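We name chains A, B, ... by the order of the sequence lines, and we start the count at 1 in each one. What you see is a predicted model, and the numbers here were worked out from it, not measured in a lab.
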Amino acid sequence: MLLVAEMPSLGGSVLEREGAAKILEEIGIMLELKGENPFKSRAYYSAARTVELIGEEELERLVREDKLKDVKGIGSAINKKLKELILTGRLNYYEELKVSIPKELFEILKVPGLGPRKVSALYEMLEITSLAELEYACRENRLVNLKGFGKKTQDNILEGIEFIRRYQGRYFYSEARRLAIILLHKIKEFPALGEVSLAGSIRRCREIVKDIDLVASTDHPDRLTRYFTELPLVAEVIAHGDTKASVRLDDGINADLRVVTKDQFSYALHHFTGSKEHNTALRHRAKNMGLKINEYGLFRLKDEELVACRDETDLFNALGLTYIPPELRENYGEIEAAEENALPSLIEEDDIRGIFHVHTTYSDGLNTLEEVVRHCSVLGYEYVGISDHSQSAFYAGGLKEEDLAKQHEEIEAMRERYPNVAILCGVESDIRADGSLDYPDAVLERLDFVIASVHSGLRMERVKMNERLIHALSHPAVTMLGHPTNRLLLGRDSSLLDIEKVFQAALDNGVILELNASPARLDLDWRHLKMIREMGLMVSINPDAHRLESFEDTRVGVAIARKGWLEKKDVFNTRSRREVEGHLKSRHARAG
DNA sequence: GCCGTTTTCGGCCCGACTGTTTTCAGTCG
């Protein structure tokens with residue numbers, strides 16, 4: 001059970017910070033979450049309203065004169081608690097309740113349609129304690145078969161979470177990019193437009209972004225900024241000048257448009273793509289070369305003469321560099337590499353030839369095996385690796401041995417009907433707390449591949465987690481390590497582990513590392529990919545798809561792979577069907 | 001936990017609505 005840590009002291013008593021009414025209200029909520037007698041929590045709500053009505057000053061007076069107990073709605077118990085609160089500034093009962101309930105549950109209560117009973121049920125049955133965990137559970141269809149829940153509730157919760165996120169100010173890359181592209185297309189409809197491009201963190205494929213940056217060129221900047229601020233999807237204009245406008249979109253995200261002249265475009269695009277660290281390093285370099293760079297151009301220091309650049313390639317070349325793709329512009333060594341013409345030749349979306357890590361209705365996927373296979377066939381994939389959950393993932397309808405056997409049979413039959421797609425029979429096996437896998441060896445060895453993943457006991461201490469993962473990686477049947485750190489973006493930190501040791505164990509055992517492309521995971525982190533590449537490890541970009549639409553997430557995975565300097569050769573599922581089948585067979589020979 | 005007595009414990013506001021369930025539970029206002 002999760003316990004909330006001691007609240008950090010913000011100075012002053014809990015009373016000064018929150019007010020008596022707020023505290024009573026919170027007690028009411030916590031009692032409901034704990035499943036107490038509903039009339040008891042109602043008594044606290046009612047007392048909270050009463051206290052709100054009489055006001056803090058009057059409340060203090062009544063307490064000092066011991067007349068509070070005469071107020072209707074305040075009986076002996078609440079009277080006693082308010083006395084303690086007013087006279088000492090704190091309330092033991094409240095502090096104790098708070099410690100027994102994860103504070104994130106209050107966040108979940110903000111989801112429209114979720115009250116204390118349902119939140120409590122989610123906590124009891126699925127151990128959900130945060131919005132991010134709730135969202136993930138919905139995406140994996142965990143709520144569909146939960147008593148009192150269903151598909152519709154799950155969809156509504158997802159909508160509700162999105163609603164809350166809108167106002168939190170940080171967005172998943174995939175969602176922000178989707179909105180940015182809509183905006184981009186709208187701007188392209190401006191009649192006197194020169195050029196326009198995404199810029200900023202979205203262009204750099206950061207996994208989390210705060211806003212949308214766009215750069216455009218035109219001879220009529222004032223008209224373009226006005227056009228931009230008057231677009232129908234703009235909810236609010238934050239700033240509006242002749243060359244720059246900031247707006248908030250209906251979806252809550254902010255968007256900045258910077259407008260320059262046509263001959264300034266390439267410089268501005270580079271400048272507003274960033275990162276700040278990349279730009280700083282580049283300005284430094286320019287200065288050493290007797291040049292100056294800013295959003296308006298590249299100039300010779302001695303006479304302020306412009307160095308003409310038609311595009312970003314010209315700009316980099318003028319600085320003695322090869323073109324640096326936007327994803328790499330983080331001052332992570334890209335400038336040094338570009339100087340030596342040693343930048344990687346980054347993987348492209350079209351390099352992906354097949355997909356691993358797909359769930360079906362056998363466990364918690366939304367689509368049947370046949371729907372998945374047909375979809376892959378339509379997409380032109382050469383192979384698809386089916387991997388439903390294993391038996392101890394009971395929350396996800398994990399497969400018992402006999403279910404696995406049945407699925408194997410169905411796959412055999414389907415292979416005849418879909419000869420153009422290699423249907424690989426696998427499983428996503430839970431890594432148990434001791435590092436063992438979830439089926440007997442004989443069962444695992446019959447499969448074409450095994451993804452080993454941690455799904456529970458995420459907060460294990462570091463040394464144990466290292467041992468757990470390293471032990472799992474040493475199992476000869478393991479083909480891939482699924483979502484290696486278990487982080488959820490905007491919601492859950494990585495498990496504690498020594499990532500280099502885990503990578504080394506994967507290398508020693510010939511295990512492929514998954515780059516889980518689910519937008520909330522993007523696990524592995526791009527910051528680790530460079531190390532992985534240098535170690536000579538192989539990565540597989542897996543959508544972890546629970547529905548057909550999620551196959552699209554593979555693109556996000558490719559974006560992150562690019563950001564992590566990966567080339568086609570570093571990624572397992574860029575290989576042909578024959579190569580992949582060959583690899584899996586050779587693993588098999590080793591296992592058997 | 002409060003109230004109001006039937007002075008010691010039983011009742012506590014409720015209707016619309018949704019979604020799940022098939023007669024009801026939970027949320028919202």
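Enclosure of atom CD in E127(A) is not indicated, since only 12 or fewer non-hydrogen atoms of other residues, nucleotides or ligands lie within 6.0 angstrom.
Residue contacts shown for K151(A) are limited to sugar-phosphate atoms, with no base heavy atom under 4.0 Å away. Within the 4.0 angstrom heavy-atom criterion, only backbone atoms of the sugar-phosphate kind lie near K81(A); the bases stay farther away. At a threshold of 4.0 angstrom between heavy atoms, the contacts of S41(A) with the nucleic acid are absent. Heavy atoms of P38(A) sit nowhere under 4.0 angstrom from any nucleic acid atom. Among the protein residues, Y93(A) comes within range of the sugar-phosphate backbone only, with heavy atoms under 4.0 Å from sugar or phosphate atoms but none that close to a base. Residue L31(A) is out of contact with every strand shown, counting any heavy-atom pair closer than 4.0 Å.
The residues E175(A) and R178(A) are annotated as salt-bridged, a charged nitrogen and a carboxylate oxygen being separated by less than 4.0 angstrom. Salt bridge status for E552(A) with R555(A): present, with a side-chain N to carboxylate O gap under 4.0 Å. A salt bridge does not link R49(A) to E25(A): none of the charged side-chain nitrogens sits closer than 4.0 Å to a carboxylate oxygen. A salt bridge does not link E402(A) with K406(A): every distance from a Lys NZ or Arg NE/NH1/NH2 to an Asp or Glu carboxylate oxygen is 4.0 Å or more. A salt bridge links E65(A) with R61(A): the distance from a Lys NZ or Arg NE/NH1/NH2 to an Asp or Glu carboxylate oxygen falls below 4.0 Å. Using a 4.0 Å cut-off between charged nitrogen and carboxylate oxygen, R142(A) and D364(A) count as a salt-bridge pair.
A distance of about 15 Å separates the P atoms of dT6(B) and dG11(B), rounded to the whole Å. Nucleotides dT23(B) and dG19(B) are separated by 13 Å at their C1' atoms, to the nearest Å. Look at the P atom in both dT20(B) and dG26(B): the space between them is 14 Å, to the nearest Å. Rounded to whole Å, the C1' atom of dG10(B) lies 24 Å from the corresponding atom of dG15(B). dA25(B) and dC9(B) have their P atoms separated by 28 Å, given to the nearest Å. For dC13(B) and dC17(B), the P atoms lie 22 Å apart once the distance is rounded to whole Å. As rounded to the nearest Å, dT5(B) and dC12(B) have P atoms that lie 15 Å from one another.
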For residues 106-121 of chain A, dump all side-chain donor-acceptor pairs below 3.5 Å to protein atoms at least two apart in sequence or in another chain.
| unit_1 | atom_1 | unit_2 | atom_2 | d |
| --- | --- | --- | --- | --- |
| E107(A) | OE2 | K110(A) | NZ | 3.1 |
| S120(A) | OG | L33(A) | O | 3.0 |

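Mapping V71(A) and L146(A) onto DNA chain B via the closest heavy atom, the residue that lands nearer the 5' end is V71(A). Heavy-atom distances to DNA chain B give each of F39(A) and L114(A) a nearest nucleotide, and the one nearer the 5′ end belongs to F39(A).
If you check residues 152-161 of chain A against DNA chain B, the residues with a heavy atom closer than 4.0 Å are K152(A), T153(A), N156(A), listed by number.
You can see that DNA chain B meets the heavy atoms of chain A within a 4.0 Å-exclusive cut from dG1(B) to dC28(B), reading 5' to 3'.
Using bins of under 30°, 30° to 60° and over 60° for the plane-to-plane angle, the ring pair Y93(A)/Y44(A) lands in the parallel bin.
Aromatic rings from H455(A) and H483(A) are positioned such that their centres are separated by under 6.0 Å.
In this structure, dT8(B) makes no Watson-Crick or G-U wobble pair, since no nucleotide meets both defining distances under 3.5 angstrom.
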